[in-house]
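Written out below as structure tokens is the structure these notes cover.
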Amino acid sequence: MIHRPLSPPMAWLGLALLIFAACLVGIFARPIGFLSAFWPANALLLGLLVRYPTLARPPAWVAAAVGYVAADLVTGSHWGMALWLNAANLLGATAGWLVLRRLDEGIRRLQRTVSALYLLLAALAASAVGALAGCGAAPVYFNTPWTDLLSLWFSTELMNYMLIVPVVLAAPRADAPPPAPQGGLQGVPVFWRLAPVSSLLLAEGVRTVIGGPGMLAFVVPGLLWCALSYSPFISSLLSLVVCLWTMAGVATGVLNFTPAHASDVFSLRVGVTLLALGPLAVACASAARAEALRRLDHAVRHDDLTGVLARRAFLEQGERLVARYQRESAGLAVLMVDVDHFKQVNDQLGHGAGDQLLIGIAQAMTSALRPQDVLGRLGGEEFAVVLPDASPAEAHAIAERLRKVVEQLPFGAEGGAPQHHATVSVGLVHSASLGGDSDMEMLLLAADAALYRAKAQGRNQVMMG
């Protein structure tokens with residue numbers, strides 16, 4: 001499926017509507033006559049601007065401002081207070097965006113060990129700027145000291161940023177494949193896949209029964225287990241749910257989010273923030289480790305020059321395909337492909353030109369193969385291909401297509417030099433010709449013999465074995 005990006009006007013309209021809806025959520029969470037106990041709009045704005053850098057244009061800030069002010073005005077707020085407080089909201093989100101905007105994409109997507117640290121720095125900057133810009137409204141509109149508003153604004157924004165922004169940044173992209181499971185959960189039974197999140201439910205039940213001042217920490221082991229087991233997105237989403245539930249559970253019947261409880265509310269929100277920070281740091285480190293292992297596996301399995309499968313990985317995958325397809329009706333075919341007169345290319349044009357030729361041939365053949373076909377480099381100028389679920393006639397047609405795309409490939413034309421063209425000789429063998437007991441080694445030997453006959457008879461041709 002092709003996912004088409006929204007046009008800029010539609011994206012800005014969508015941003016305005018999203019901020020408007022998020023502000024309504026926050027407005028309905030306000031104690032009477034004071035700031036909201038939970039304000040997700042600023043964190044959503046920061047997360048979206050960082051996740052989608054092309055969105056971060058002046059119209060986006062205008063759209064967000066319209067969403068902010070419209071939500072306040074339609075719910076009866078004084079226009080002066082709406083302009084003041086929402087200007088502070090925009091300034092805070094902008095400060096966080098300035099911290100994160102130039103970072104590597106891996107850091108912004110929570111795929112590096114330092115991601116949690118940078119996110120904390122951005123949250124601190126955004127919370128401080130917003131609180132300083134908005135705290136002057138306290139004596140004007142709330143009849144309270146500005147220090148109370150500063151404390152409550154800073155703590156709620158810090159908590160919101162650390163809980164919501166990771167979810168936005170790590171959310172799967174529509175056109176991206178699903179991430180591999182973290183923590184070695186591949187192939188693990190469903191029971192053990194659900195065990196980390198089940199531990200959170202158990203911790204909630206235990207702290208409901210026990211209660212007391214230590215209840216904030218009861219869920220820490222479960223959150224850490226989830227961070228080691230799941231992707232940063234799932235881990236951040238669980239932290240968001242658990243931490244908000246924890247805050248609500250502590251506050252219900254004990255705290256009121258007004259200046260009368262400013263110091264207690266500050267302590268609670270900072271505690272919830274730190275509760276989320278630990279699992280987030282673990283999830284980022286786990287994701288960085290998984291990415292490093294993926295890159296290492298790719299480097300081991302793929303040829304470092306051409307990017308196609310290396311010899312060992314190709315033979316392993318070929319063996320699996322032979323075991324699967326050789327007894328099916330269509331069977332499979334193996335090709336041996338050798339670049340004609342490759343030594344002359346190195347001798348006359350240099351080894352750099354020879355390397356570029358191999359890269360170009362690998363890319364051209366990859367584009368000409370089917371998605372299920374497997375291409376590998378066996379060494380030097382020699383490649384091999386496995387064609388699963390292909391009849392002899394289909395395999396021959398694919399081999400001819402490979403030969404033609406290479407023949408039409410120009411190389412060595414940099415710096416005004418004349419263009420050159422290379423050719424390949426192809427040896428082809430089908431599993432049906434060797435019987436049902438043939439293995440990968442036998443197919444490669446037969447294809448290699450056909451390749452040498454193709455070279456002996458003039459090169460630049462396909463020879464069936």
Side-chain angles (χ1 to χ4, degrees), residues 301-311 313-315 317-318 321 332-430 440 443-465:
R301 292 177 54 81
H302 290 75
D303 176 56
D304 59 352
L305 177 64
T306 62
V308 301
L309 287 177
R311 180 185 182 92
F314 172 80
L315 294 177
Q317 194 159 337
L321 291 173
L332 82 164
V334 173
L335 311 180
M336 290 288 289
V337 183
D338 191 84
V339 183
D340 297 328
H341 304 296
F342 184 71
K343 186 176 183 301
Q344 294 180 14
V345 174
N346 283 334
D347 292 344
Q348 296 174 11
L349 302 178
H351 288 275
D355 288 346
Q356 292 303 311
L357 173 60
L358 293 177
I359 294 171
I361 289 176
Q363 293 173 345
M365 290 197 297
T366 298
S367 66
L369 291 171
R370 304 171 301 170
Q372 67 267 36
D373 299 332
V374 178
L375 171 64
R377 183 185 178 200
L378 300 188
E381 69 273 24
E382 195 169 55
F383 297 85
V385 184
V386 178
L387 306 175
D389 195 23
S391 66
E394 290 171 333
H396 191 275
I398 294 172
E400 276 292 337
R401 187 162 71 237
L402 296 182
R403 186 190 65 79
K404 289 178 181 178
V405 297
V406 174
E407 188 178 34
Q408 297 167 2
L409 178 71
F411 74 97
E414 290 96 354
Q419 286 188 350
H420 299 272
H421 290 270
T423 60
V424 293
S425 298
V426 183
L428 185 161
V429 65
H430 195 273
M440 187 63 181
L443 289 166
L444 283 173
L445 288 174
D448 198 44
L451 169 65
Y452 276 97
R453 290 201 303 275
K455 284 185 167 294
Q457 295 184 22
R459 295 182 171 86
N460 191 24
Q461 59 184 290
V462 176
M463 183 66 64
M464 292 280 292

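- Looking at Val308 and Phe314, their side chains never come closer than 4.5 Å, going by heavy atoms from C-beta outward.
- Put simply, the side chain of Ile359 reaches to within 4.5 Å of the side chain of Leu305, judged on heavy atoms.
- Two residues are said to be in side-chain contact when any heavy atoms from C-beta on lie closer than 4.5 Å; Val339 and Val345 fail this criterion.
- Asp389 places none of its side-chain heavy atoms less than 4.5 Å from the side chain of Glu394.
- Here the CZ-CD distance, from Arg311 to Glu382, works out to 8.0 Å after rounding to the nearest 0.5 Å.
- The shortest distance between side-chain heavy atoms of Met336 and Val426 does not fall below 4.5 Å.
- Between Glu407 and Lys404 there is no salt bridge, since no side-chain nitrogen of the basic residue lies less than 4.0 Å from a carboxylate oxygen of the acidic one.
- With 3.5 Å as the limit, one finds a donor-acceptor pair spanning the side chains of Ser425 and Asp340.
- Among residues two or more places apart in sequence or in another chain, the ring pair (Phe, Tyr, Trp, His ring centres under 6.0 Å) test is passed with His396 by none.
- By the 4.5 Å heavy-atom criterion applied to side chains, Leu358 and Phe383 are counted as neighbours.
- With sequence neighbours excluded, no residue forms a side chain to side chain donor-acceptor pair (under 3.5 Å) with Gln344.
- Separating the CG atom in Leu409 from the CD1 atom in Ile361 is a distance of 6.5 Å, to the nearest 0.5 Å.
- Every residue two or more places apart in sequence or in another chain that forms a salt bridge (Lys or Arg N to Asp or Glu O under 4.0 Å) with Asp347 is listed here: Lys343.
- The side-chain heavy atoms of Arg301 and Gln317, taken from C-beta on, include a pair separated by under 4.5 Å.
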